[in-house]
Amino acid sequence: MTIDGRIAGFDHKKGAELVRQAAALQPLLATHAQQAEECGEIDDKVIAALLEAGLLRMAAPRRLGGLAVSSEAMTEVARELAKGCPSTAWVTSIINSCVWIASTMAPGMQALIFAGEIPTICGPNNGIGHIVPADDGGFTVSGQWAYASGSHHAKWALVPALDEAKQINMVVLPMEAVTTLPTWQVAGMKGTGSDTLVAENVAITAEMFCPLAMGSTVGETPYEKEATDYWVPFALLRAKALGVLLGAAEALLGTVLDLAGKPIIYSTYAARRDSHVWQAGVGEATAAIGIARSIIMKHNRHNDAAAAQGRALSADERASCRGECAMVVDILTRTVEQLMSLSGSSSFATKMPAQRFWRDFSVGARHVIFNSDLGYEVLGRQVLGIEPNIVAFEQI
């Protein structure tokens, strides 16, 4: 898709509007955050609000009726939502990621998935399925896949499966065809519904799967590509999802600032703000969060700029994104722990929002896509010219 002979880029005006709408939803999300924890899923009222605002179709290209919003804007949306409820922000980010991945699949799959709408999609990848030809000329798929964030409100599941040639394919399954096992029993991000999906001899057609290699930013397509088609999967998903961690850390900082007038017991400080140590702690945390945000936005803008130019990121660019984003996770993790110390033991009470932000951040930051050790090693090997790298090129 071109505009005046140029590749169709991102709708920055729409992106800014969606960021404002996400911020306006914070009170609603905060009201339902505890319920999300207890029920293990986002409340229907919250999902309805996200759908109405268009926040679950941000990543889809224009040709499919999507909003074609930039990675930078989606990161800011996640950041704002996380200040109300990190679980909701995570689900929003994941659904948009899965919608985008679906938009890169084979044209027949795209036509099936996006028939008349931008659907909600989950994409658990921890596990593998097996595709078997059926007697009627079709196929069946069986498998089990963990961590299906957003599955409780998804229409489709996008999962990996091996065909008879042991080639990895992506398969799209209607949620009513799979069984959901309630395996997401964790300390944080409880509302994401990241359960396990099970398929047992589910009938599928040839249009419902394609080789994983077709989900690529390179190669020819029967449609004219636009900027969203040139995003690189892992660089996009990593940098964008960091908005959730950033928003959780900022929300936690906000709860600390609310305590500024409280005394420090067993001391002469009638208010915490009077303590030079407490002042310095707040300053250090604020600076660290600011630095983390700068790095996150740097990579989102870089990813968007490359996509708008109609090119995929190079290996060096991908490794830089992975390594620097690993540093972001480490910076924010240290900062979140420092903020809980500044908060004091009372903030660990289950009724306090601070401990929920702390737990949600801690679980989210342990997602494998943020693994710091892997990130640093990937970047180090790239800088040193050591081949092969420890992960496939497509996963850098």
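All of these numbers come straight from a predicted model, not from anything done at the bench.
- At least one donor-acceptor pair closer than 3.5 Å links the side chain of Asn300 to the backbone N or O of Ala239.
- Ring-centre distance between His367 and Trp90: below the 6.0 Å cut-off.
- Ion pair Glu250/Arg79 flagged as a salt bridge, since at least one NZ, NE, NH1 or NH2 atom sits closer than 4.0 Å to an Asp/Glu carboxylate oxygen.
- In this structure, Thr31 OG1 and Lys45 NZ are separated by 11.0 Å, a value rounded to the nearest 0.5 Å.
- There is no side-chain donor-acceptor pair under 3.5 Å between Ser151 and Asp195.
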Determine whether Asp330 and Ser372 satisfy the following criterion, side chain to side chain donor-acceptor pair (under 3.5 Å), listing intermediate values before the conclusion.
CA-CA 7 Å; Asp330 282 348; Ser372 297; 2.9 Å; yes
Compile the donor-acceptor pairs under 3.5 Å between side chains in residues 276-292 and protein atoms, sequence neighbours left out, one pair per line.
unit_1 : atom_1 : unit_2 : atom_2 : d
Trp278 : NE1    : Leu342 : O      : 3.2
Gln279 : NE2    : Arg273 : O      : 2.6
Thr286 : OG1    : Val282 : O      : 2.8

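- One finds a salt bridge joining Glu17 and Lys14 here, because a Lys/Arg side-chain nitrogen approaches an Asp/Glu carboxylate oxygen to under 4.0 Å.
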| field | Intermediate values then yes/no, side chain to side chain donor-acceptor pair (under 3.5 Å), Trp231 and Ser71 | value | CA-CA 9 Å; Trp231 274 326; Ser71 174; 5.2 Å; no
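- Residues Val141 and Ala161 approach most closely at CG2-CB, 4.1 Å, considering heavy atoms.
- Of the N and O atoms on the side chains of Lys240 and Ser97, at least one donor lies less than 3.5 Å from an acceptor on the other residue.
- Checked for salt-bridge contact, Glu80 and Arg20 miss the test: no charged N lies under 4.0 Å from a carboxylate O.
- Both Phe114 and Ile204 are assigned to one and the same hydrophobic cluster, defined by single-linkage of ILVMFWY side chains at heavy-atom distances under 4.5 Å.
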| After noting the C-alpha distance and the side-chain angles of Glu324 and His299, does the key distance pass the side chain to side chain donor-acceptor pair (under 3.5 Å) rule? | CA-CA 9 Å; Glu324 292 192 11; His299 286 287; 2.9 Å; yes
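- Within the 3.5 Å criterion, the main-chain N or O of Val69 finds no donor-acceptor partner in the side chain of Asp11.
- Checking Gln338 against Arg334 by side-chain atom types alone, no donor-acceptor pair falls below 3.5 Å.
- Using a 3.5 Å distance cut-off with no hydrogens or angles, the side chains of Glu72 and Ser70 do not pair a donor with an acceptor.
- Among the candidates Arg311, Arg322, Lys298, the single residue satisfying the salt bridge (charged side-chain N to carboxylate O under 4.0 Å, His left out) test with Glu317 is Arg311.
- Side chain of Ser87 to backbone of Gly191: a donor-acceptor contact under 3.5 angstrom is found.
- For the 3.5 Å distance criterion, the side chains of Gln110 and Tyr223 qualify, holding a donor opposite an acceptor.
- A cation-pi arrangement is absent between Arg318 and Phe234 under the rule of less than 6.0 angstrom and at most 45 degrees off the ring axis.
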**OP:** Please step through side-chain contact (heavy atoms from CB on, under 4.5 Å) for the pair Thr75 and Leu242, ending with a clear verdict.
**Re:** CA-CA 7 Å; Thr75 300; Leu242 280 172; 5.8 Å; no
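- Distance check: Ile131 CD1 to Asp163 CG gives 6.0 Å after rounding to the nearest 0.5 Å.
- The two residues Ala134 and Thr140 come nearest to each other via the heavy atoms CB-CG2, 4.4 Å.
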